[in-house]
Student: 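Before I ask anything, let me first share the structure, which is written out below as structure tokens.
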Amino acid sequence: MCGIIAVLLGDSTNQDGASAELYEGLGILQHRGQDAAGIITCGAKGRLTQQKGNGMVRDVFAEGINFRGFMGVAHVRYPTAGTSSDSEAQPFYVNSPYGLVFAHNGNLTNAGELRNFLDREAHRHVNTDSDSELLLNIFAHNLQRTGKFRVNEEDTFNALLGVYQQCRGGYAVAAMIAGFGVIGFRDPNGIRPLIYGERVTPNGTDYMIASESVVLEVLGYKNFVDIKPGEAIIITRQTINKRQLVPTLEFTPCIFEYVYFARPDSIMDEISVYKARLAMGESLANQVIQKLGKEAENIDVVIPVPDTSRVAALQLSYKLNLLYREGFIKNRYVGRTFIMPGQSLRKKNVRRKLNPMAMEFAGKNVLIVDDSIVRGTTSKEIVQMARDAGAKKVYFASCSPPIRYPNVYGIDMPTRTELVAFGRTEDQVAAEIGADYVIYESLEGLVDSVRKFNPTIHSFDLSVFNGCYVTGDINDEYLDVLEKERLSGKQVPPAQGTVIGLHNHVSHAK
């Protein structure tokens, strides 16, 4: 899962504006990726300037972000397919044809097929393991086929149609053609989110494309519009054009966006994330009553795992008429453990991130509410912290159903053996994490909690819960190969030297 942004300012003479705008936007989207960050801007004569690298936004741009350009693209990375090397920090850039810049959120499911095509037929060199580079080169190949000195919107739409015809998976892309404009497009199932808005100024209208509406809102943009599944938008200094390039296969946005990834003050596909989480808490309260029965009367206090589960936990406590307390104090300078690369790093950082308030646990039966139980690493540490602080009984409630299947559309949990609920019952999961009881939300309850705010969405990507993959191209053989690649990749020693990034030259503009 990553965060992407593209901006085009209405005043092309504002050569310092795009970098500042993109930097602010990345800070707002930092929750979507803390592994790497990058910005590429385009200024006069199509000159591109970039700065990117591994680390948090503030660290990557510690030396400043004052580089030239009135439009640009930015990205925060959460590692999925590929590696976490500095060379794979996005946005990616290739100079041929026309100077293309790509920021990609998601994951392609036919990467092997695309890699073979680019090598044997398109004769384009692929330098990293990132599927984002494949997506960029497929677009570049299709655009190259025009053979024109300069491309227009029609050429670009045709090239994007070629991307849709060749690439499968879940993806949202913010892109830029040097000296021409910015582009946004979304996979035919709408698995990954993408939205755009405008900001009217005395010097012209600014446009921004982003993963979440909160970026647009904070930076003063209005008239938010979700990019539809299979739709592309091209924004130049003269015009804004949208086109439905392929039919929507089945609109199935990723429900995990509402459970965990998105900020609560975002609105995605006309659904308020905050309202959806309130509804999740209401529904989860019903599951607590159903699971525990009379045992529920023994609960003394409801305690959320900050930050994502707070909204749901508050609503759950209200419905059950139970005391709500902040029992864990969060160190805000430790990143989100779920999106940290590597199990050992996640485990080590749980206790650095959270510290229990003993007065809220000592001698009490506590109901801890979290957004999900994925690997069980965080949950197990949290339960132990509660017991160490003096809790008598620990009930653990999850706002999502048991996660028993890998995700192939951009969330870093691809191996079944990493999932604590895989092959285990709820009672066995409780024993594994050390809780007295585990209460899961039902799949129906979760779907209803989100869908009630936009009934036009008939389904969601629920593959991590039910093993049904909406793109229709995933089978056990695919998952076995993916798992072997992931496990073997963990054993590969660090490469010597530096992998060349997808650019000609890095310029740290002052």
Side-chain angles (χ1 to χ4, degrees), residues 2-26 36-53 57 60-61 63-77 86-104 124-128 130 132-133 135-141 143-144 148-152 155-156 159 173-185 206-210 234-238 499-510:
C2 301
I4 60 176
I5 310 173
V7 67
L8 187 146
L9 302 180
D11 181 8
S12 60
T13 64
N14 183 6
Q15 290 294 312
D16 299 321
S19 60
E21 194 96 338
L22 292 167
Y23 175 78
E24 291 289 337
L26 288 185
I39 293 173
I40 297 181
T41 58
C42 179
K45 299 181 180 179
R47 184 66 55 85
L48 299 177
T49 308
Q50 76 165 7
Q51 189 170 332
K52 60 180 183 175
V57 173
V60 173
F61 301 101
E63 297 181 14
I65 43 86
N66 185 28
F67 40 98
R68 310 288 285 171
F70 65 92
M71 65 177 177
V73 173
H75 185 272
V76 284
R77 184 182 71 192
D86 187 77
S87 66
E88 292 189 12
Q90 295 188 43
F92 285 164
Y93 157 63
V94 291
N95 60 357
S96 177
Y98 313 115
L100 305 180
V101 177
F102 248 51
H104 166 222
R124 296 190 70 91
H125 176 65
V126 178
N127 201 54
T128 73
S130 174
S132 303
E133 185 184 1
L135 192 61
L136 169 58
N137 275 280
I138 291 293
F139 178 57
H141 171 70
L143 205 56
Q144 183 81 62
K148 296 172 66 174
F149 177 64
R150 290 285 184 267
V151 290
N152 55 31
D155 300 322
T156 307
V173 174
M176 177 173 65
I177 302 177
F180 178 67
V182 295
I183 303 164
F185 63 97
D206 304 332
Y207 293 95
M208 177 173 281
I209 302 167
I234 301 172
I235 304 171
T236 69
R237 281 180 287 178
Q238 291 76 36
V499 178
I500 296 174
L502 295 178
H503 50 79
N504 292 338
H505 177 67
V506 180
S507 175
H508 296 270
K510 301 295 184 183

Student: Dump the intermediate steps for side-chain contact (heavy atoms from CB on, under 4.5 Å) on L143 and Y98, then the final yes or no.
Tutor: CA-CA 9 Å; L143 205 56; Y98 313 115; 3.8 Å; yes
Student: Before we go on, tell me: are the rings of F102 and F139 under 6.0 Å apart, centre to centre?
Tutor: yes
Student: Without swapping roles, check the side chain of T41 against the backbone of G72 for a donor-acceptor pair under 3.5 Å.
Tutor: no
Student: Sequence neighbours excluded, which residues qualify as salt bridge (Lys or Arg N to Asp or Glu O under 4.0 Å) partners of D16?
Tutor: R68
Student: Write down the atom of P97, the atom of Q144, and the distance for their closest heavy-atom approach.
Tutor: CB-OE1, 3.5 Å
Student: Please check this pair: side chain of D206 against backbone of G10, looking for a donor-acceptor N/O pair closer than 3.5 Å.
Tutor: yes
Student: Would you check if there is a donor-acceptor pair between the side chains of E133 and T128 at a distance under 3.5 Å?
Tutor: yes
Student: Looking at A89 and R77, what are the two nearest heavy atoms and their distance?
Tutor: N-NH1, 3.2 Å
Student: Side-chain contact, heavy-atom cut-off 4.5 Å: V94 with R124?
Tutor: yes
Student: Hey, does the side chain of Q51 reach the backbone of V60 with a donor-acceptor pair shorter than 3.5 angstrom?
Tutor: yes
Student: For H104 and Q90, work out which heavy atoms get closest and say how close.
Tutor: N-OE1, 2.9 Å
Student: With distance as the sole test, does N137 use its side chain to make a donor-acceptor pair with the main-chain N or O of A140 at under 3.5 Å?
Tutor: no
